[in-house]
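Below is one structure, written out as structure tokens; the observations come after it.
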Amino acid sequence: MEKKKKATYPTSDDSESNLWSFLTQRGTTASFVCITLFAILVRVAVSIHPYSGAGTPPKYGDYEAQRHWMEITLNLPVKEWYQNSTVNDLKYWGLDYPPLTAYQSYIHGLFLRFFDPQSVALFTSRGYESYIGKLLMRWTVLLSDVLIFFPAVIYFVTVYYSGTHDGPKSGNMWHFAMILLNPCLILIDHGHFQYNCISLGFTVAAVSAILSDRDIFGSILFTLALNHKQMSAYFAPAFFGYLFGKCLRRQNPFLEVLKLGLAVLGTFIVLWWPYLYSLEAPLEVLSRLAPFERGIYEDYVANFWCTTSVIVKWKRLFSTQALRMLSLVSTVSTCLPSMLLLILAPSRRNFLFGLLSSALSFYFFSFQVHEKSILLPLLPASFLAIDEPLIFRWLTYFALLSMFPLLRRDELILPYIALYGLFVLLYNAPVQRKDIRETRSRFTTLKYFLIACSILLHIVYLMVTPPRRYPFLSEAVMMLLCFSQFFFIFMYTNMKQWQFLKFSSQTVGEKKNI
């Protein structure tokens, strides 16, 4: 008993860990509650700052788009939500997400109408920015986060550390905090203004269910994510590869695939039911989900098309149809190896790496990628935070940099700096991770150099006026640096998946020899 008491309290040699020890040694429930309350407080603090398009008519920004969808779904029949008409001008923030987003907008619209009917009145509410309206809108994001994303993260941490993944409790709590306090997600949802927490929350829950061998439930949850935001398709090859690989190793593979297929199909039918009254109706919705007329990329995003456009003028040299085909072939060809590796070696760790590899493939090569799309690769990177902390940290640093121009336009510099600093503090909390040897790495000098370049680019972007001939020079350099780091991570994840296949083959060979 004495030994246990001594192990519970930190000695003078590790006094720097007193605060973290106090938090993580109060009990699992108390630790979860403390971190959860702090995460809510951080979100509230960010939400008092400006949002996308604040006070900038005629179309404002993403905040107005979300409010307008509540206005449309409340005041029009469900069949008319995606139809262009005199009462629903699709050129003014027409719905361009799947039906689950529309249903979410309807529910949030009911909430707004109960407290402030003017904020969702048809036509007259365009550009509505009253104090109470903005407060209610911020509350809808916070409630969505707390009710969907937070429980999903608790589910993931519980599942992840309940199996063979042993470690100190402080590591569990650190992992929970790092996912919940992801600076990029908080800045986009509670600063810029979006509801990524819903689709990402469903994805986290789906991954958790599949890691606990509840494959049908996980498939349904991922279908919900896919029907909330079509960008969840970034993860589809990994989900398919892992589940199909598992089915092939069961006693009756055909029956297992059939059960998963029926679960997915049934979920789609339920969600799309209002649009299955004719052949034209679902096609009408689908046409809204693929805005090819916007071009292969918007603004400056750290993917392949935007980064290489400095040399190759893709939009000038190729038609939209040609770019669509080129994008499709590139995306499929780069995510296919990862998916095949998952089919051949469907282990849990391989699944998590496959999610990261697949998401980066789509981020690099798919059509119409936004700066905010980096949130999707960041999610599986956060799953691997305790085992691959350097990859998680590196991706977070440069994801923040890649979104910096967008967040500066939204006047979110102060919360950006605060959350950047909070991430650095939390990451360096005294927790047992696999990057303890990092200080002796031969790449230490290069890492510090790249971090210095990142900090310098922040300063230059804020302080230096670019030359008239190259007004977007700073953004171009930022995107080039970020793309190079994202591509390094992409290559590393694919290499890890090849290692899993090799290890799986060796294990099978050893069993045969026995």
| said: Assess the residue pair Gln66 and Gln194 against the criterion (side-chain hydrogen bond (donor to acceptor under 3.5 Å, both in side chains)); give the C-alpha distance rounded to whole Å, side-chain angles, the decisive distance to 0.1 Å, and a yes or no. | reply: CA-CA 7 Å; Gln66 303 289 344; Gln194 284 197 338; 5.9 Å; no
| Trp272 side chain to Asn227 backbone, donor-acceptor under 3.5 Å | no
| query | Relative to each other, are the rings of Phe365 and Trp305 parallel, tilted or perpendicular (30° and 60° limits)? | reply | perpendicular
| Below 6.0 angstrom between ring centroids: does that apply to Tyr195 and His108? | yes
| Is there a donor-acceptor pair closer than 3.5 Å between any side-chain N or O of Arg43 and the backbone N or O of Val146? | no
| message | side-chain contact (heavy atoms from CB on, under 4.5 Å) for Val207 and Leu352? Distances and angles first, verdict last. | response | CA-CA 9 Å; Val207 170; Leu352 298 180; 3.9 Å; yes
| said: Ring of Tyr275, cation from Lys79 - is the NZ or CZ under 6.0 Å from the centre and inside 45° of the axis? | reply: no
| query | Between the side chains of Lys372 and Asn196, does any donor sit under 3.5 Å from an acceptor? | reply | no
| Under the ring-ring contact (aromatic ring centres under 6.0 Å, His included) criterion, do Trp93 and Tyr60 qualify, and how do the steps go? | CA-CA 10 Å; Trp93 298 119; Tyr60 301 90; 9.4 Å; no
| request: Just do the side-chain contact (heavy atoms from CB on, under 4.5 Å) check on Ile188 and Leu375 with the steps written out, would you? | output: CA-CA 9 Å; Ile188 292 299; Leu375 292 175; 4.1 Å; yes
| message | Under the rule for ring-ring contact (aromatic ring centres under 6.0 Å, His included), what residues qualify as partners of Phe149, not counting sequence neighbours? | response | none
| request: Apply the test ring-ring contact (aromatic ring centres under 6.0 Å, His included) to residues Phe500 and Phe353: give CA-CA distance (whole Å), side-chain angles for both, the deciding distance (0.1 Å), then the verdict. | output: CA-CA 10 Å; Phe500 289 132; Phe353 277 97; 5.6 Å; yes
| query | Given Phe486 and Phe364, is the ring-ring contact (aromatic ring centres under 6.0 Å, His included) satisfied, shown in steps? | reply | CA-CA 9 Å; Phe486 296 159; Phe364 286 149; 7.1 Å; no
| query | Got a second to check how far Met70's CE is from Leu74's CG, nearest 0.5 Å? | reply | 9.0 Å
| query | Looking at Tyr297, is Lys315 sitting on its ring face, NZ or CZ under 6.0 Å from the six-membered ring centre and within 45 degrees of the normal? | reply | yes
| said: Please check: side-chain N/O of Ser338 versus main-chain N/O of Cys335, any donor-acceptor pairing under 3.5 Å? | reply: no
| request: For the pair Thr101 (side chain) and His228 (backbone), establish whether a donor and an acceptor sit closer than 3.5 Å, ignoring hydrogens and angles. | output: yes
| query | Which atom pair, heavy atoms only, marks the closest approach of Pro405 to Ser402? | reply | CD-O, 3.8 Å
| field | Main-chain N/O of Leu76 paired to Trp81 side chain as donor or acceptor, under 3.5 Å | value | yes
| task | Sequence neighbours left out, what passes side-chain contact (heavy atoms from CB on, under 4.5 Å) with Met495? Give chain and number order. | result | Tyr492, Gln499
| query | Does Ser52 reach the main-chain N or O of Asp62 with its side chain, forming a donor-acceptor pair under 3.5 Å? | reply | yes
| request: With Arg67 as the cation and Tyr128 as the aromatic partner, state whether NZ or CZ is under 6.0 Å from the six-membered ring centre and within 45° of the axis. | output: no
| query | If you look only at pairs with a residue in residues 350-363, which of them pass as a side chain to side chain donor-acceptor pair (under 3.5 Å), with sequence neighbours excluded? | reply | Asn350-Gln497, Ser357-Asn494
| Pick one: which of Arg349, Lys496, Arg348 meets salt bridge (charged side-chain N to carboxylate O under 4.0 Å, His left out) with Asp387? | Arg349
| field | From CA spacing to verdict: side-chain contact (heavy atoms from CB on, under 4.5 Å), Tyr242, Ser347 | value | CA-CA 8 Å; Tyr242 180 64; Ser347 68; 5.7 Å; no
| query | Can you check side-chain contact (heavy atoms from CB on, under 4.5 Å) on Gln368 and Ile296, steps first, answer last? | reply | CA-CA 5 Å; Gln368 249 303 301; Ile296 196 164; over 6 Å; no
| request: Report the C-alpha distance between His458 and Tyr416 in whole Å, list the side-chain angles of each, state the deciding distance to 0.1 Å, and finish with yes or no for side-chain hydrogen bond (donor to acceptor under 3.5 Å, both in side chains). | output: CA-CA 11 Å; His458 282 94; Tyr416 178 92; 2.6 Å; yes
| Backbone N/O of Val369 and side chain of Ser373: donor-acceptor pair under 3.5 Å | no
| query | Are the side chain of Lys91 and the backbone N or O of Asn84 linked by a donor-acceptor pair below 3.5 Å? | reply | no
| said: How about OH on Tyr106, more than 12 heavy atoms from neighbouring residues, nucleotides or ligands closer than 6.0 Å, or not? | reply: no
| Where the side chain of Asp145 meets the backbone of Ile148, is there a donor-acceptor pair that is under 3.5 Å apart? | no
| query | Would Arg324 count as a cation-pi partner of Phe292, with NZ or CZ less than 6.0 Å from the six-membered ring centre and within 45° of the ring normal? | reply | yes
| For Tyr103, does the OH atom sit with more than 12 other heavy atoms under 6.0 Å from it, leaving out its own atoms? | yes
| message | Aromatic contact between Tyr51 and His192, with the criterion being ring centroids under 6.0 Å apart: yes or no? | response | no
| Presence of salt bridge, Lys259 and Asp215, under 4.0 angstrom | no
| Aromatic contact, Phe392 with Phe423 (centres under 6.0 Å) | yes
| task | Quick one: do Glu371 and Arg409 satisfy salt bridge (Lys or Arg N to Asp or Glu O under 4.0 Å)? Show the steps, please. | result | CA-CA 13 Å; Glu371 304 99 319; Arg409 288 197 300 271; 3.5 Å; yes
| field | Mutual orientation of the aromatic rings belonging to Tyr92 and His68 [parallel < 30°, tilted 30-60°, perpendicular > 60°] | value | perpendicular
| message | Is it the case that atom CG in Leu283 sees more than 12 heavy atoms from other parts of the structure closer than 6.0 Å? | response | yes
| Any side-chain heavy-atom pair of Tyr160 and Asn172 under 4.5 Å | no
| note | Interatomic distance, CG@Leu226 vs OG@Ser232, rounded to 0.5 Å, equals 6.0 Å
| task | Return the minimal non-hydrogen interatomic distance between Leu187 and Leu412, and the atom names on each side. | result | O-CD1, 4.2 Å
| message | Could you report the tightest heavy-atom contact between Ile210 and Lys246, atom names first, then the distance? | response | O-NZ, 4.0 Å
| query | Below 6.0 angstrom between ring centroids: does that apply to Trp139 and Phe111? | reply | no
| field | Single hit among Phe240, Phe244, Phe239 for ring-ring contact (aromatic ring centres under 6.0 Å, His included) with Phe351 | value | Phe239
| query | Got a donor-acceptor contact below 3.5 angstrom from the Arg138 side chain to the Ser47 backbone? | reply | yes
| request: Look at the rings of Phe156 and His175 and say which category their plane angle falls in: under 30° parallel, 30 to 60° tilted, over 60° perpendicular. | output: perpendicular
